Visitor: 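Below is the structure I would like to discuss, written out as C-alpha cells.
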Amino acid sequence: MSSNYADGLSPYENKGILGLPESFDSDDSVSKKCDELANYIKNSKHVVFHTGAGISTSAGIPDFRGPKGVWTLEKKGEVPKLNTSFDKATPTKTHMALRALVEAGYVQYIVSQNIDGLHLRSGLNRRYISELHGNIFIEQCHTCGRQFVRSTSVESVGQKSLGIRCTSTASDVGRACRSGSLHDNVLDWEHDLPPKDLDMAIMHSTMADLNITLGTTLQIVPSGNLPLKNIKGGGKLVICNLQPTKHDSKAHLVISSYVDAILSKVCKCLGVEISEYAESSDPTTHSSLVEWTIPLNHVNTIKRQFRAHLKETVGCSPKRKKARGAVTAPASSKIND
C-alpha cells in the first residue's frame with residue numbers, strides 16, 4: 001500500500017490549519033536547547049514522548065499539514081512527491097533513538113498518532129507504546145480483540161474485514177479464539193480510539209514529569225492535548241516541531257529543527273548509542289506469529305501506579321479527581337478535531 005493511506009479515509013473537511021511555514025533555530029541554539037532537553041530527561045523520573053507524522057518524513061512517508069503535506073497539497077489539487085510505500089519504508093534515526101532511550105531507562109512511554117508501523121518495526125516492545133490511530137501492519141480479531149503482526153501492510157483502512165479467520169491460541173494476553181474474523185485496525189475519522197491504548201496514554205501523560213512532542217502540530221484531539229496532562233501537577237512540556245503549534249506558549253522549551261538531529265544530539269549528551277535498523281529486530285520479518293496485544297497485567301500495573309500518583313500529587317482519590325474533570329478523557333473520544 002502507498003504511504004498516502006489518507007486516500008482510503010472517509011471524506012472529512014475539518015482537517016485543521018494547513019501549510020504553516022516552517023522555521024529553523026540556528027545551529028548554536030539547537031545545540032544549547034538539546035543540552036537543556038538532555039538535562040530535563042536526565043533529571044526526570046517519568047518521561048513520555050508524543051510522536052506525530054513529522055518523525056517519519058525522513059523515511060519517505062509524507063506528513064499531513066506541512067508545506068508539502070498530504071492535506072496541504074490536496075487543497076491545491078496536488079499530490080505529494082514523497083510517497084514511499086509502507087512496506088519499503090524503514091525506521092528513522094528518531095525511531096531507533098526512542099527505542100534506545102526506552103531500553104536505557106530514560107523514557108518510560110511513547111504515545112503515537114502514527115499508523116506507519118515504524119515504532120513496531122524498530123523493535124520497540126508493545127508495553128512501551130500506545131498507538132492511538134492504529135497500525136498498518138496489524139490485524140485485529142473482532143471477537144477476542146487480540147492483535148497480530150503482519151509481514152506486509154494491510155490493503156484497507158477503517159477497520160474493514162480482511163477475510164481471515166482468527167487462529168490464535170491461548171497465551172498470557174488471552175484465551176484461544178479460533179472463531180473470530182480479522183480486520184485492519186487503522187481508524188477512520190468516525191471511529192472511537194482504542195480504549196486500552198487511550199487509557200495507557202492518559203495515565204502515562206498525567207504521571208509524566210516530562211512530556212516531549214516530536215513532529216506534530218498537536219491539532220488532532222484528544223492526542224494533541226495529552227502532552228498537557230502533567231502541567232497542573234508541575235510537569236514540564238517540550239515541543240519539537242518545525243511548524244508552530246497551538247501549545248507553544250505553554251511549553252517550557254520549544255526546539256525548531258529536524259527531529260532526527262534533535263534525538264541524535266540528545267542521545268549523544270546522555271551517552272546512549274543509537275543502533276541501526278535491523279531486520280532481525282523487526283517483527284514483520286519473523287516467520288512465526290507475533291502478537292501485538294497490550295498485556296492486561298501490564299495495564300493493571302500502570303493503573304496501580306496511576307492511583308498512587310494521584311494520591312501523592314493531589315491528596316485525594318482518583319474517583320474524586322475524576323469527578324472534578326481533571327484527569328481522564330472518555331475512552332470513546334474520536335480522532336477528529
Side-chain angles (χ1 to χ4, degrees), residues 14-25 29-30 32-55 63-66 94 98 106-114 130 132-133 193 198 200-259 262-263 266 306 309-310 312-314 321-322 324-330 333 335-337:
N14 188 16
K15 293 174 180 174
I17 302 172
L18 307 176
L20 289 174
E22 296 176 339
S23 62
F24 293 84
D25 293 332
S29 178
V30 170
K32 290 179 180 178
K33 288 182 178 181
C34 286
D35 286 344
E36 187 174 359
L37 176 53
N39 284 327
Y40 279 173
I41 293 173
K42 192 181 300 183
N43 295 320
S44 298
K45 294 181 179 179
H46 199 107
V47 178
V48 177
F49 274 89
H50 301 256
T51 64
I55 75 165
D63 61 18
F64 296 98
R65 298 177 180 83
T94 296
L98 289 173
Y106 283 112
V107 173
Q108 281 62 54
Y109 207 66
I110 296 168
V111 179
S112 182
Q113 304 171 47
N114 299 341
S130 281
L132 296 182
H133 300 162
L193 270 63
L198 180 57
M200 290 287 282
I202 290 171
M203 291 188 290
H204 277 286
S205 299
T206 305
M207 291 190 292
D209 41 10
L210 178 61
N211 278 318
I212 305 166
T213 75
L214 296 175
T216 170
T217 54
L218 302 172
Q219 294 190 52
I220 293 292
V221 295
S223 57
N225 292 333
L226 290 176
L228 277 65
K229 285 285 184 183
N230 68 339
I231 291 180
K232 287 185 178 180
K236 288 184 172 64
L237 169 65
V238 174
I239 293 176
C240 305
N241 201 54
L242 290 175
Q243 293 175 291
T245 81
K246 62 181 180 180
H247 295 316
D248 283 2
S249 62
K250 304 178 184 71
H252 295 76
L253 179 65
V254 177
I255 309 178
S256 299
S257 184
Y258 292 114
V259 289
I262 293 171
L263 267 292
V266 167
F306 183 59
H309 169 81
L310 293 184
E312 180 181 344
T313 56
V314 297
K321 187 165 179 66
K322 184 176 180 181
R324 296 207 301 268
V327 178
T328 61
S333 296
I335 66 171
N336 40 313
D337 293 321

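A quick note: this is a predicted structure, and the numbers were derived from the prediction, not measured. Residue indices begin at 1 and follow the sequence shown.
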Visitor: Working to the nearest 0.5 Å, report the span between CD1 of Ile255 and CG of Leu37.
Guide: 5.0 Å

Visitor: Checking Leu263 against Leu214 for the side-chain contact (heavy atoms from CB on, under 4.5 Å) test, could you report, in this order, the C-alpha distance in whole Å, the side-chain angles of both residues, the deciding distance, and whether it holds?
Guide: CA-CA 10 Å; Leu263 267 292; Leu214 296 175; 3.7 Å; yes

Visitor: Which distance, rounded to the nearest 0.5 Å, do you find between the CG of Leu228 and the OG1 of Thr206?
Guide: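 Here the interatomic distance stands at 11.0 Å.
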
Visitor: Indicate yes or no: at least one non-hydrogen side-chain atom of Val111 is less than 4.5 angstrom from one of Ser223.
Guide: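 Of all side-chain heavy-atom pairs linking Ser223 with Val111, none is under 4.5 Å.
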
Visitor: Over all heavy atoms of both residues, which pair between Pro21 and Pro244 is shortest? Give the atoms and the distance, please.
Guide: O-CD, 3.8 Å

Visitor: Is any side-chain heavy atom of Lys33 closer than 4.5 Å to one of Val30?
Guide: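 No, their side chains stay 4.5 Å or more apart.
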
Visitor: For the residue pair Ile212 and Cys240, what are the closest heavy atoms and their distance?
Guide: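 Heavy-atom minimum between the residues: CG2-SG, 4.3 Å.
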
Visitor: Restricting to non-hydrogen atoms, name the atom on Leu198 and the atom on Pro222 that form the minimum distance, rounded to 0.1 Å.
Guide: CD1-CG, 4.2 Å

Visitor: Is there a side-chain contact between Thr216 and Thr245, using heavy atoms and a 4.5 Å cut-off?
Guide: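 Answer no - side chains too far apart.
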
Visitor: Determine, stepwise, if the pair Ile239 / Leu218 fulfils side-chain contact (heavy atoms from CB on, under 4.5 Å).
Guide: CA-CA 10 Å; Ile239 293 176; Leu218 302 172; 4.1 Å; yes

Visitor: Tell me, please, which residues at least two apart from Lys236 pass salt bridge (Lys or Arg N to Asp or Glu O under 4.0 Å).
Guide: none

Visitor: Hey, what do you get for CD1 (Ile55) to CG (Asp63), rounding to the nearest 0.5 Å?
Guide: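 Between atom CD1 of Ile55 and atom CG of Asp63 there are 12.0 Å.
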
Visitor: Write down the atom of Ser205, the atom of Asn230, and the distance for their closest heavy-atom approach.
Guide: O-CB, 3.4 Å

Visitor: When you compare the side chain of Leu226 with that of Ile202, does any pair of heavy atoms fall below 4.5 Å?
Guide: yes

Visitor: When you compare the side chain of Thr217 with that of Ile17, does any pair of heavy atoms fall below 4.5 Å?
Guide: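 The answer is no; the side chains never approach within 4.5 Å.
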
Visitor: Tell me which donor-acceptor pairs under 3.5 Å the side chains of residues 46-54 have, and how far apart each pair is, sequence neighbours excluded?
Guide:
{"unit_1": "His46", "atom_1": "NE2", "unit_2": "His204", "atom_2": "ND1", "d": "2.9"}
{"unit_1": "His50", "atom_1": "NE2", "unit_2": "Asn211", "atom_2": "OD1", "d": "3.0"}
{"unit_1": "Thr51", "atom_1": "OG1", "unit_2": "Ser112", "atom_2": "OG", "d": "3.0"}
{"unit_1": "Thr51", "atom_1": "OG1", "unit_2": "His119", "atom_2": "NE2", "d": "3.0"}

Visitor: Let me confirm one number: the CG-CG distance from Asn43 to Leu210, rounded to the nearest 0.5 Å.
Guide: 10.0 Å

Visitor: Within the structure provided, determine whether Thr213 and His247 are in side-chain contact (heavy-atom separation under 4.5 Å).
Guide: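 Of all side-chain heavy-atom pairs linking His247 with Thr213, none is under 4.5 Å.
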
Visitor: Evaluate the side-chain proximity of Asp25 to Ser257: yes if any heavy-atom separation is below 4.5 Å, no if none is.
Guide: no

Visitor: Can you name the closest pair of heavy atoms from Tyr109 and Ser130 and give their distance?
Guide: OH-OG, 2.7 Å

Visitor: Looking at Gln243 and Leu20, would you say the former's side chain and the latter's main chain have a donor-acceptor pair under 3.5 Å?
Guide: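 Flag set: sc Gln243 to bb Leu20 pair under 3.5 Å.
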
Visitor: Contact between Tyr40 and His252 at the side-chain level, heavy atoms closer than 4.5 Å - yes or no?
Guide: yes

Visitor: Output the distance between atom CG (Leu253) and atom CG (Asp248), rounded to the nearest 0.5 Å.
Guide: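 Interatomic distance, Leu253 CG to Asp248 CG, rounded to 0.5 Å: 10.5 Å.
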
Visitor: Considering non-hydrogen atoms only, spot the tightest contact between Val266 and Cys34 and give its length.
Guide: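 Scanning both residues, the minimum pair turns out to be CG2-O, 3.9 Å.
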
Visitor: Listed by chain and number, what are the salt bridge (Lys or Arg N to Asp or Glu O under 4.0 Å) partners of Lys246, not counting sequence neighbours?
Guide: none

